[in-house]
There are 4 protein chains.
Amino acid sequence: MRQKPWPVGHRGKQDGKRAPGRPRSEQARQAILRSTLELLGTSGFAGMTIEAVAMRARVGKTTVYRWWPNKAALVADAFASDTIRQLHFPDTGSVRTDMSRQMRQLIKIFRSSRGRIVSAILAGGQNDKDLIAAFRARFLWPRRREAYATLRRGISRGELRRNIDKDLLLDSLYGPIYMRFLIQHAQLTPRFADRLCALVLAGARPHSK
Amino acid sequence: MRQKPWPVGHRGKQDGKRAPGRPRSEQARQAILRSTLELLGTSGFAGMTIEAVAMRARVGKTTVYRWWPNKAALVADAFASDTIRQLHFPDTGSVRTDMSRQMRQLIKIFRSSRGRIVSAILAGGQNDKDLIAAFRARFLWPRRREAYATLRRGISRGELRRNIDKDLLLDSLYGPIYMRFLIQHAQLTPRFADRLCALVLAGARPHSK
Amino acid sequence: MRQKPWPVGHRGKQDGKRAPGRPRSEQARQAILRSTLELLGTSGFAGMTIEAVAMRARVGKTTVYRWWPNKAALVADAFASDTIRQLHFPDTGSVRTDMSRQMRQLIKIFRSSRGRIVSAILAGGQNDKDLIAAFRARFLWPRRREAYATLRRGISRGELRRNIDKDLLLDSLYGPIYMRFLIQHAQLTPRFADRLCALVLAGARPHSK
Amino acid sequence: MRQKPWPVGHRGKQDGKRAPGRPRSEQARQAILRSTLELLGTSGFAGMTIEAVAMRARVGKTTVYRWWPNKAALVADAFASDTIRQLHFPDTGSVRTDMSRQMRQLIKIFRSSRGRIVSAILAGGQNDKDLIAAFRARFLWPRRREAYATLRRGISRGELRRNIDKDLLLDSLYGPIYMRFLIQHAQLTPRFADRLCALVLAGARPHSK
DNA sequence: ACTTAACCGAGACGGTACGTCGTGTCTTGCC
DNA sequence: GGCAAGACACGACGTACCGTCTCGGTTAAGT
């Protein structure tokens, strides 16, 4: 669905040449993405309107539509531009401590104002394959790649079974957090991360015969 | 937000008396709920319009608005009216088998056409407290109540720790299913239920010292 | 368009017998007509709604529709029921005085709260033949019959030409009043009646050769 | 009530500059006014709907509401745009002939399809000050200005009294036409104009002492 | 310096759905 | 069988955004 030439981090023709004509306004681009995130946080995916984004960014509606074909693409880009930042996965020498820290980090994000944005994207993604794909590409996989490394270290240290299914394990660790985040049937506290981690990793130990 | 007197399963004044005037048309009510579910499955929460629901149900738009204040309330009711049915939780003598069956059941629902409806509700619920609350009340808690019983049997049989946190455990079992359902980063198969069950319950055994 | 059996002053079967069932409520009928006139004065023909009439009369909408097929018929009846009253046409011995008094009387009505009702009827009548016909039958002709008599007296007294066209003359006298009433381009005062009368009757004198 | 900047005959900013943004579509404007007149002729003021106007003009409903705040304003404008045309008041050397011709002209309009539009406006105007004011400004006064001139010529030729009240006289001439037009209690023929003219002007002659 | 071309803002355009209101019909139980 | 109450299907209301379009004006690179 996202078909426009270089909606994200593009810097013009790659071949050294420049296209003729007025170059794209970087200022407008950033104002649009910023407004998108703000309104996403305020009104959610469904409540956010392109019209409001353009208005708030002091930009013509045309300029938004010129670069993003639809709301989902815009939101995905805005989210991506915001998320390109640290994902700090320390190596403390213990899988449990490492994973617990990561999971606390995620919970912190979910409970912050950016949580609203994440939930808006997950909600919008239920009707838009591209949006949920963008979420996976920009948010889920980068983190999970780090988590794989953490798990691998755990295996080599003998804290986890050699043949453990890493995706199964990571879903077991993160799934409950997403569930509580989205369904809100129980509190989502840092402490929950610890206890969850303890429960699940206990089932992943080598000698649990 | 849901403020109209008895939008769900109401059967008129309880005190024997009847309200004056033409009674509410049961036929219209059912046609509306049915159309809602159909369109929800087709277009999702965001794509569904009240106008289309009314049209498909051969009903005046007014009649919809008379009984449901907004789309969320309508969808919640429709979902509720559909879900009041069996949740078969057998007692096979093994927590693992019992839970595994339940979880396979849920996966089956998620993969069926009704999965679309559930995801629509969870998506819509991110912008509507009442909708997500309705989901919990009509779908989550009834199932979870049964699951509590299953766990209790497991405890008394010595398959689970006495002091296990049941909500933590159930979230660990179901959370990953919801996560895969909503984010679609990995396949959601019946086999996943079994392996998930094995992993998590292993961490909940009494003597896992 | 007015097809219901006896919407106006009917008192049931004429043959002494009574129809079976509950007799028509005279109280409801009067309340409806009264409400109609009030709302007509407040909101005009277009702004008046049957729903409001029923509400104000503390009556079911059905009861209105049972007896009057549409708004025009109702308004016509209400107007008629109100207008059955004095049209005092004195014989002072002078056509000019007689006519002037009549015309002042009309202007007084037009400027009173009942003027609003008359204008509502004339407005509504532009889209409804029955309504304008009712206006003629109930309001125009009764007055005009009296006016004919006045003119005839004038003829026999030699104040008017023998062969004068009475309708032409009466339209010349009343038309300007209606015009100012409806178009409001100039003041409609009692004095206007006198001057109008003087002008027109001057042209109707016998010896204006 | 009519508050939009230049709904009528506006030709853009007068200071040479142009407002930014896409200019208003002259084609849409004319299509709307044309449709309005057509529907007004067909269904009258009350029966005409904005929705139908937009549909017939192949225009979005928004475009109508963007420029006209309500039905009355739209109708007034449509009527005005139609009426800006010839009002031929010849100078034959006789007030009576001149006036008679004008009056015949009016009767001709009233009896044509445009009569329906006039009656619709007069009807609608009973509930809308602006509408009736527009009628006066666009239709009544321009004609009357010409008529004043005709009368003035008559006075200077000695056909009319010097001190004649021109408005009284014109109302006496036109009022009966409007009355027959609106109440339809008698035929409105060209011949009526002549006889009316004869009667009233006879009362306006200088020496009728 | 002048042309060319793509960008920009503004805002009107034809539409769709909204949630409300009134229409005229109907379906109750009571009188 | 009339009555009040009020639900019903219908259709227009006036509003908010949609995504597209047409303007005048800006900004550089390529003459």
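Every chain is numbered from 1, with letters handed out A, B, ... down the list of sequences.
- Taken to the nearest 0.5 Å, the CD1 atom of A:Ile132 stands 10.0 Å off from the OG atom of B:Ser119.
- Phosphate contact (OP1/OP2 of E:dG14, side-chain N/O of D:Thr63, threshold under 4.0 Å): present.
- Going from atom CG of A:Leu122 over to atom CG of B:Leu122 covers 10.5 Å, rounded to the nearest 0.5 Å.
- Summarising the geometry, atom OG1 belonging to A:Thr42 is positioned 8.0 Å from atom CZ belonging to A:Arg116; distances are rounded to the nearest 0.5 Å.
- Atom CD of D:Gln30 has more than 12 heavy atoms from other residues, nucleotides or ligands within 6.0 Å.
- In terms of position on DNA chain E, the residue among C:Ile50 and D:Arg22 whose nearest nucleotide sits closer to the 5' end is D:Arg22.
- Between the side chain of A:Lys61 and the base of F:dG19, a donor-acceptor pair under 3.5 Å is found.
- If you take CD of C:Glu51 and P of E:dG24, they are 10 Å apart, rounded to a whole angstrom.
- Take the nearest nucleotide of DNA chain F for C:Ala28 and for D:Gly21: the residue whose nucleotide is more 5' is C:Ala28.
- Separating the CD atom of D:Gln27 from the P atom of F:dC23 is a distance of 12 Å, rounded to the nearest angstrom.
- Under a cutoff of 6.0 Å and an axis angle of 45°, D:Arg29 and D:Trp67 do not form a cation-pi pair.
- As a whole-Å value, the separation of D:Arg24 CZ from F:dG24 C1' is 20 Å.
- Note: CE (D:Met55) to P (E:dG15) measures 10 Å, nearest angstrom.
- Between C:Ala52 and D:Ala57, the residue anchored nearer the 5' end of DNA chain E, judged by the nucleotide with its closest heavy atom, is D:Ala57.
- Following rounding to the nearest Å, C:Trp67 (CH2) and F:dG1 (C1') show an atom-to-atom distance of 10 Å.
- Taking atom CE on A:Met48 and atom P on F:dC18, their separation rounds to 8 Å, with Å as the unit.
- With rounding to whole Å, B:Arg58 atom CZ is found 17 Å from F:dC8 atom P.
- In this structure, CG of D:Leu74 is placed 11 Å from P of F:dC13, rounded to the nearest angstrom.
- In terms of polar N and O atoms assigned as donor or acceptor, the side chain of B:Thr62 comes within less than 3.5 Å of the base of F:dC10 in a complementary pairing.
- The nucleotide whose nearest atom lies closest to any side-chain atom of C:Thr49 is, among E:dG19, E:dG11, E:dT23, E:dT23.
- You'll find that the side chain of C:Val59 is closest to F:dA4, out of F:dC17, F:dC23, F:dA4.
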